Peer 1: 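Attaching a single structure in structure tokens format; questions to follow.
Letters go in sequence order (proteins before strands), and every chain restarts at 1. The structure presented is a predicted model; accordingly, all values stated were derived computationally and were not measured.
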There are 2 protein chains.
Amino acid sequence: MTEIVTAGILVIGDEILSGRTKDKNIGFIAEYLTNIGIDLKEVRVVSDDEPDIVAALNALRKRYTYVFTTGGIGPTHDDITADAVAKAFGVKIDHHPEVVARFQERFGDDLNEARLRMARIPDGADLIQSATILAPGFKIDNVIVMAGVPSIMQAMMDIVSPKLKSGLRMLSDTVKANAREGDVGGPLRDIAKAHPDTIIGSYPFMDEQGKPNTNLVVRSRDQDKLNAAMEAVKAMLATINAPK
Amino acid sequence: MTEIVTAGILVIGDEILSGRTKDKNIGFIAEYLTNIGIDLKEVRVVSDDEPDIVAALNALRKRYTYVFTTGGIGPTHDDITADAVAKAFGVKIDHHPEVVARFQERFGDDLNEARLRMARIPDGADLIQSATILAPGFKIDNVIVMAGVPSIMQAMMDIVSPKLKSGLRMLSDTVKANAREGDVGGPLRDIAKAHPDTIIGSYPFMDEQGKPNTNLVVRSRDQDKLNAAMEAVKAMLATINAPK
């Protein structure tokens, strides 16, 4: 059986916690990981505070196959992610010669102390960079450190993802119930019990006429088991929706 | 000095971790809390798994003044938040007579076992409900349990927020730097050091012409200290942006 590969996300930034910036990275990474067969198990958002970052990172990196962080790798004093990651791993951090060389070429006389901050990389980390990425991300052990700006984070995901091991992909199938969630809840519970290797979710929504409806989602790593559970769900819906 | 009031958010739901549903509640609650003088310190997202919910809830409720949860209070088998909260507090949970009476009036013969699930409320909790809210939320000790559907969660925030103690509100002022983040990083660090009771953040963005720019945000609970730091930031920007 193929290994199950898990992940956590650590979003770093006061601006998310104050509500000033609305996070767009969690949803993107969640969907990305599902598509490459990695199970996202937990997300944490913490402030630009070193002890908080270190504690959350250490909790997540010990629990999951991978941890993806976003935010805090820019040039200002509140960008402390690289230092916090080094501290969490108990390794040194210094200006990475390859990044410094690139910055010298790129910035010339504008290469100041603030910009050099972005060249600080923990010892032993691999850079995540490309011609279009200014401040590099990095991967150290099972932790992938990325930018907070969505377009840059997304470019970094594309660079790093081919190097990750991925598990057996979680398959998924959805059916619209044409019923209210409260009408399908009971039979759905029985179906979920009878199909233990599947995960059955129920997501209520209002249709275009303002009428309550429900999407039922069956997920499994095994296509046959998924199909069997979905058959049971559809048979249940046919009974519920049959003219009385 | 007025007490500082803190909060954590616990988002519960496989659909957020799979990327199927994009969370809209974190940003809303974050901004809401900032506006009423409560400091959001941490967010966690966990799956529909009782041990995970209990562990995260216990960690957050001991650390912060309030914890706000969203999701998992509907009528289906994967809605296990109320039971997990009861377990975290070590209290019993049963059908709440007032909610059952309302459901009987509302659903009549359609009141089935699944819908009755939504009447399960931990002992000692206060209901969060209104005429427009079907399944009630509840508040137990310092934990506020709300729906995952954004419009319902928002209605619940409006009901519960007048009952919360709030702290001295964090004030905020923003100035557009008209400079790249790397150009302001150094002087900004010095200003932050010289103004210890303020939090100075730097948020890069691309302007409409695709030119890199930066918003600088000064936050403080003390208006005078905020003003002093903002004056220093503006003086710094005037120097940086002076014609050479």
Peer 1: Of all of B:Gly185, B:Ala192, B:Ala30, which one pairs up most often with chain A through heavy atoms under 4.5 Å apart?
Peer 2: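 Max contact count across the listed options: B:Ala30.
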Peer 1: Specify the closest pair of heavy atoms between B:Ile38 and B:Ala7, including all atoms of both residues, with the distance to one decimal.
Peer 2: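 Distance-wise, the nearest heavy atoms are CG2-CB, 3.6 Å.
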Peer 1: Select one option (side chain, backbone, both, neither) describing which atoms of A:Val11 are under 4.5 Å from chain B's heavy atoms.
Peer 2: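 Nothing of A:Val11, per the 4.5 Å heavy-atom cut-off to chain B.
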Peer 1: Taking every non-hydrogen pair under 4.5 Å, which of B:Gly74, B:Pro187, B:Pro75, B:Gly182 racks up the most with chain A?
Peer 2: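 Sorted descending by pairs with chain A, the first entry is B:Gly182.
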Peer 1: Give the member of B:Val217, B:Ile26, B:Leu33, B:Ile29 that has the highest number of heavy-atom pairs under 4.5 Å with chain A.
Peer 2: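 Among the listed options, the one with the most contacts to chain A is B:Val217.
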Peer 1: Can you name the closest pair of heavy atoms from B:Val5 and B:Gly167 and give their distance?
Peer 2: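 That would be CG2-N, 3.5 Å.
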Peer 1: Can you give me the closest heavy-atom contact between B:Ala56 and B:Leu10, atom names plus distance?
Peer 2: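 Looks like CB-CD1, 3.7 Å.
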Peer 1: Roughly how far, to the nearest 0.5 Å, is CE of A:Met156 from CD1 of A:Ile73?
Peer 2: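 Atom-to-atom, A:Ile73:CD1 and A:Met156:CE are 4.5 Å apart.
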Peer 1: Quick one: which of B:Ile16, B:Leu17, B:Leu40, B:Val149 has the most heavy-atom pairs under 4.5 Å with chain A, could you say?
Peer 2: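 Top count of heavy-atom pairs under 4.5 Å with chain A: B:Leu17.
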Peer 1: Of all heavy-atom pairs between B:Ile191 and B:Ala229, which one has the smallest distance, and what is that distance?
Peer 2: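 So the two residues come closest at CG2-O, 4.2 Å.
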Peer 1: Find out whether A:Val43 and B:Val43 are in side-chain contact, i.e. whether some heavy atom of one side chain is under 4.5 Å from a heavy atom of the other.
Peer 2: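 A side-chain contact under 4.5 Å is absent here.
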Peer 1: Under 4.5 Å, counting heavy-atom pairs only, tell me which of A:Leu116, A:Val45, A:Ile9 racks up the most with chain B.
Peer 2: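 Maximum pair count with chain B is reached by A:Val45.
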Peer 1: By a 4.5 Å heavy-atom criterion (distance strictly below it), what part of A:Ile200 contacts chain B: side chain, backbone, both, or neither?
Peer 2: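 The answer is both parts of A:Ile200.
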Peer 1: How about the chain B/chain A donor-acceptor pairs under 3.5 Å, what are they, with distances?
Peer 2:
unit_1: B:Ser18; atom_1: O; unit_2: A:Thr34; atom_2: OG1; d: 2.9
unit_1: B:Lys22; atom_1: NZ; unit_2: A:Glu31; atom_2: OE1; d: 2.6
unit_1: B:Glu31; atom_1: OE1; unit_2: A:Lys22; atom_2: NZ; d: 2.6
unit_1: B:Thr34; atom_1: OG1; unit_2: A:Ser18; atom_2: O; d: 2.9
unit_1: B:Val43; atom_1: N; unit_2: A:Val45; atom_2: O; d: 3.0
unit_1: B:Val43; atom_1: O; unit_2: A:Val45; atom_2: N; d: 2.8
unit_1: B:Val45; atom_1: N; unit_2: A:Val43; atom_2: O; d: 2.8
unit_1: B:Val45; atom_1: O; unit_2: A:Val43; atom_2: N; d: 3.0
unit_1: B:His77; atom_1: NE2; unit_2: A:Ile200; atom_2: O; d: 2.9
unit_1: B:Asp110; atom_1: OD2; unit_2: A:Arg180; atom_2: NH2; d: 3.1
unit_1: B:Asn112; atom_1: ND2; unit_2: A:Gly182; atom_2: O; d: 2.8
unit_1: B:Arg115; atom_1: NH1; unit_2: A:Asp183; atom_2: OD1; d: 2.9
unit_1: B:Arg115; atom_1: NH2; unit_2: A:Asp183; atom_2: OD1; d: 3.2
unit_1: B:Arg115; atom_1: NH2; unit_2: A:Asp183; atom_2: OD2; d: 3.4
unit_1: B:Arg180; atom_1: NH2; unit_2: A:Asp110; atom_2: OD2; d: 3.1
unit_1: B:Gly182; atom_1: O; unit_2: A:Asn112; atom_2: ND2; d: 2.8
unit_1: B:Asp183; atom_1: OD1; unit_2: A:Arg115; atom_2: NH1; d: 2.9
unit_1: B:Asp183; atom_1: OD1; unit_2: A:Arg115; atom_2: NH2; d: 3.2
unit_1: B:Asp183; atom_1: OD2; unit_2: A:Arg115; atom_2: NH2; d: 3.4
unit_1: B:Ile200; atom_1: O; unit_2: A:His77; atom_2: NE2; d: 2.9

Peer 1: Give the intermediate values and the outcome of side-chain contact (heavy atoms from CB on, under 4.5 Å) for residues A:Met230 and A:Val175.
Peer 2: CA-CA 8 Å; A:Met230 185 47 100; A:Val175 63; 3.8 Å; yes
Peer 1: List the atom of B:Phe103, the atom of B:Ala135, and the distance in Å for their closest heavy-atom pair.
Peer 2: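 Closest approach of B:Phe103 to B:Ala135, heavy atoms only: CZ-CA, 4.4 Å.
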Peer 1: What distance do B:Met153 atom CE and B:Phe28 atom CZ have between them, rounded to the nearest 0.5 Å?
Peer 2: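 So the CE of B:Met153 and the CZ of B:Phe28 are separated by 5.5 Å.
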Peer 1: Is A:Leu188 close to chain B through its backbone or its side chain, or both, or neither, when contacts mean heavy atoms under 4.5 Å?
Peer 2: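 Both backbone and side chain of A:Leu188 come within 4.5 Å of chain B.
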Peer 1: So which heavy atom on B:Phe68 is nearest to which on B:Leu164, and how close?
Peer 2: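 Nearest pair, atom of B:Phe68 first, then B:Leu164: CZ-CD1, 3.6 Å.
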